[in-house]
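It should be emphasised that the depicted structure is a prediction, and the values quoted were computed from it without experimental measurement.
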Amino acid sequence: MKKKKAEGYYFSEDSEGYIYKYSTWDCIKYMARFSWKNDRWIIPMMVIGSGSYYGVELLWTVFNKYVVDFALADGGRKNLIVGMLAIISAVFVMKLVYGVLDVRVSETKFRRCRYVFARQLYEKQMDTDYENLEKPHVKILLEGAKQSINNLLEFYYRIQETVGLAVSLAGWLTVICMLSPWLIVIILVPTVAYYFIVKYKIMWFSYHIKMWLGTERKLEYIKRKSADFSNAKDIRLYRMKDWIVSLAKEFLEKRLFWYKKQARVEGLNGFFQLLAVSVRDIAAYGFIVWSMARGSMSAGDFILYFSSVGQIASAFYQIMGNISSFGWITAGVSRYREFLEVEDKSNRGAGIPLPKGNFDICFDKVSYRYGGAENDTVHELSFTVRSGEKIAIVGNNGAGKTTLVKLMCGIYRRTGGEIYIGGHSIDEYNRDELFKLYATVFQDIHVMPSTITENIVMSGRADLKSLGYAIEHSGLAGKIDELPEGLDTYLVKSVYDNATDFSGGEMQKLALARALYKQKTYGSGVLLLDEPTAALDPIAEQNMYQEYARFAEGKISVFISHRLASTQFCDRIFYLKDGRIEECGTHNELLEANGEYARIFEVQSRYYRQEEAKAKAFGEGEVCYE
């Protein structure tokens with residue numbers, strides 16, 4: 001399957017489908033640079049160890065010739081004994097060298113490389129621009145990179161084996177040349193054919209892997225979600241088992257379709273491999289038997305040449321197979337490199353100092369469009385939020401509320417317009433320094449299987465004064481006092497037997513504690529809340545927002561909610577529709593304007609009044625049959 005290079009990428013000539021970016025030679029140079037940087041001794045140790053291993057096989061075959069000649073008294077016995085003792089000594093030394101280096105390389109060097117490969121991958125995954133991880137092609141690269149870590153180690157194994165085989169092959173060819181150079185040709189021709197047969201199979205897999213990679217990703221997602229304990233209640237209560245099984249069956253059938261194609265290709269390819277091997281054996285061994293029948297070699301030579309044919313063919317096949325395998329390994333190394341090289345556009349260099357004291361955040365005709373989308377999610381937004389101001393962003397699902405907040409804190413990069421913080425473009429600030437400016441709470445509140453302290457602090461050493469402040473004012477103090485281990489209690493029971501799990505309300509308090517700790521530690525001047533209380537009832541949500549606002553006094557605060565009544569305390573309310581600020585003003589001003597905000601508020605408040613009436617009825621001992 002031929003490939004051509006265009007704009008730095010390798011493509012199939014058949015369908016112009018993307019395969020991989022870097023050539024085998026590029027990957028060899030990359031791995032050499034990696035080895036030199038991380039462990040300069042790994043490749044020399046592999047070469048010496050592998051050469052010793054395959055050299056032993058050559059010496060033992062020569063030793064067998066000496067034994068046969070000694071038994072048949074073909075030659076001086078004294079010279080034969082000296083030769084055999086020399087071979088035994090050399091074998092002992094080479095086995096010792098190989099044994100020591102093999103343990104050293106396998107147990108230490110390769111494990112170190114695997115660790116470094118994995119560390120680089122996950123550091124990039126956690127550090128790359130957030131919006132990169134939402135792009136489908138980057139997700140595919142990430143999945144491919146994770147699967148390619150073994151390819152990176154396989155690269156070393158193949159290099160090690162190929163070098164050793166090359167040393168061994170040179171010795172066997174020297175032996176065969178003593179009989180007839182034509183024998184090399186007889187062995188070489190079927191071996192070259194074998195190489196191209198194997199190469200075709202590997203290229204077929206390299207080209208078609210993208211056909212089933214997406215299906216495998218979907219199967220893995222279903223497997224992960226169905227095994228996640230947090231989904232167990234929904235699966236049972238909503239009787240999702242049959243649906244999940246049907247989805248898994250659908251994707252599995254698609255994967256099985258390609259498994260069958262793989263099996264057919266491997267079967268046919270194996271037949272031609274067997275044919276090439278058979279031709280080689282019949283021709284080569286026939287030539288040696290014919291030479292023996294003519295009486296042109298001793299019994300020891302016959303053993304030596306007969307063994308050499310198999311060893312040469314085996315070494316050729318393995319070397320050619322390794323060379324062919326480099327195509328598959330190259331694809332893995334290339335995917336790994338391509339993910340590490342995913343472009344990050346946010347400023348990671350030196351930035352200007354963060355604003356201190358009072359500052360404004362200004363959007364100047366800011367737009368954002370997701371990759372592949374036909375329309376902007378937010379379109380030419382212009383507004384200014386002043387220091388100490390509380391802003392509410394409301395609107396229906398899909399209006400662009402979350403996108404606006406992600407733009408404000410630098411997680412997304414605008415596709416149009418400009419964002420100014422303290423009078424300077426957001427791009428002038430170092431990204432990591434900029435993140436210190438924001439105390440954020442998003443819709444999904446996640447915890448790590450670690451202590452409560454670590455789940456609040458989340459990075460670095462805990463500042464005990466700030467930690468105590470966050471726990472006291474978030475309302476977590478009572479819960480922590482009830483726990484025998486206090487702040488050292490682990491979260492996530494499914495991981496630790498002695499851990500605890502927080503309720504929904506306690507998770508809200510934990511999120512508040514995180515925001516308070518960050519505000520206290522870094523002096524974060526902006527509080528961003530993206531519907532963290534969506535699971536609460538309207539009154540509880542309003543109380544929680546007012547609690548947040550109390551601790552954000554004097555700072556910029558942005559509250560997102562789909563409940564219009566929850567943010568009446570804010571200085572201004574932005575009502576978003578289709579990515580634009582449709583209405584802006586205080587709660588009362590928007591009601592007086594009698595626009596879309598007022599209409600939706602009336603619908604929602606009517607529902608809330610009904611719920612409140614029911615609650616009062618139950619509270620007074622009445623029975624409600626609705």
**Q** Could you pull out the closest heavy-atom pair between Leu340 and Gln120, with the gap in Å?
**A** CD2-O, 3.6 Å
**Q** Indicate whether the side chain of Asp344 and that of Thr128 have a donor and an acceptor atom separated by less than 3.5 Å.
**A** yes
**Q** Only pairs at least two apart or in different chains count here, so list each side chain to side chain donor-acceptor pair (under 3.5 Å) that has a residue in residues 363-372.
**A** Glu131-Tyr368, Arg369-Asp376, Tyr370-Thr403, Tyr370-Tyr412
**Q** Could you tell me whether a side-chain N or O of Asp501 sits under 3.5 Å from a main-chain N or O of Lys493, the two making a donor and an acceptor?
**A** yes
**Q** For Ser503 and Glu506, test the side chains for any donor-to-acceptor distance below 3.5 angstrom and give the result as yes or no.
**A** yes
**Q** May I ask you to decide if Leu590's main-chain N or O and Glu583's side chain share a donor-acceptor pair within less than 3.5 Å?
**A** no
**Q** Would a line drawn from the ring center of Tyr22 to the ring center of Tyr30 be shorter than 6.0 Å?
**A** no
**Q** Would you name the heavy atoms of Gly351 and Asn347 that are closest together and state the gap between them?
**A** CA-ND2, 4.2 Å
**Q** Test Thr384 against Asp360 for side chain to side chain donor-acceptor pair (under 3.5 Å), laying out the working first.
**A** CA-CA 7 Å; Thr384 298; Asp360 299 342; over 6 Å; no
**Q** Give a yes or no on whether the backbone of Met408 and the side-chain of Tyr438 come within a donor-acceptor separation of less than 3.5 Å.
**A** yes
**Q** If we ignore hydrogens and angles and just use 3.5 Å, is the side chain of Tyr517 paired with the main-chain N or O of Asp463 as donor and acceptor?
**A** yes
**Q** Could you tell me whether the side chains of Glu250 and Ser246 share a donor-acceptor contact shorter than 3.5 Å?
**A** no
**Q** So, Asn396 side chain and Lys577 main chain: donor-acceptor pair closer than 3.5 Å or not?
**A** no
**Q** Should we count CG of Asp234 as having more than 12 external heavy atoms under 6.0 Å?
**A** yes
**Q** Are there over 12 heavy-atom neighbours, none belonging to Asn397, within less than 6.0 Å of that residue's CG?
**A** no
**Q** Please report the closest heavy-atom contact between Arg413 and Leu407, naming both atoms and the distance.
**A** C-CD2, 3.9 Å
**Q** Looking only at heavy atoms, which two atoms of Ile421 and Tyr429 are closest? And how far apart?
**A** O-OH, 2.6 Å
**Q** Return each pair, listed once, that meets ring-ring contact (aromatic ring centres under 6.0 Å, His included) where at least one residue sits in residues 219-247; pairs must be two or more places apart or across chains.
**A** none
**Q** With distance as the sole test, does Asn231 use its side chain to make a donor-acceptor pair with the main-chain N or O of Lys225 at under 3.5 Å?
**A** yes
**Q** Tell me whether Glu596 is salt-bridged to Arg599, with the criterion being a basic N under 4.0 Å from an acidic carboxylate O.
**A** yes
**Q** Which residue pairs pass the ring-ring contact (aromatic ring centres under 6.0 Å, His included) test with at least one member in residues 332-352, sequence neighbours excluded?
**A** Phe117-Tyr336
**Q** What I want to find out is whether Glu433 reaches Lys436 closely enough, with some N-O distance under 4.0 Å, to be called a salt bridge.
**A** yes
**Q** Could you report the tightest heavy-atom contact between Gly349 and Asn430, atom names first, then the distance?
**A** O-ND2, 2.8 Å
**Q** Could you check whether any side-chain heavy atom of Cys570 comes within less than 4.5 Å of a side-chain heavy atom of Phe559, counting everything from C-beta outward?
**A** yes
**Q** Look at atom CZ of Arg239 and say whether more than 12 heavy atoms of other residues, nucleotides or ligands are closer to it than 6.0 Å.
**A** no
**Q** Using a distance-only test with no angle check, is there a side-chain donor-acceptor pair under 3.5 angstrom linking Arg348 and Ser346?
**A** yes
**Q** Closest approach of Met507 and Ile445, non-hydrogen atoms and distance?
**A** CE-O, 3.3 Å
**Q** Is a salt bridge present between Lys406 and Asp530, judged by a nitrogen-to-oxygen distance below 4.0 Å?
**A** no
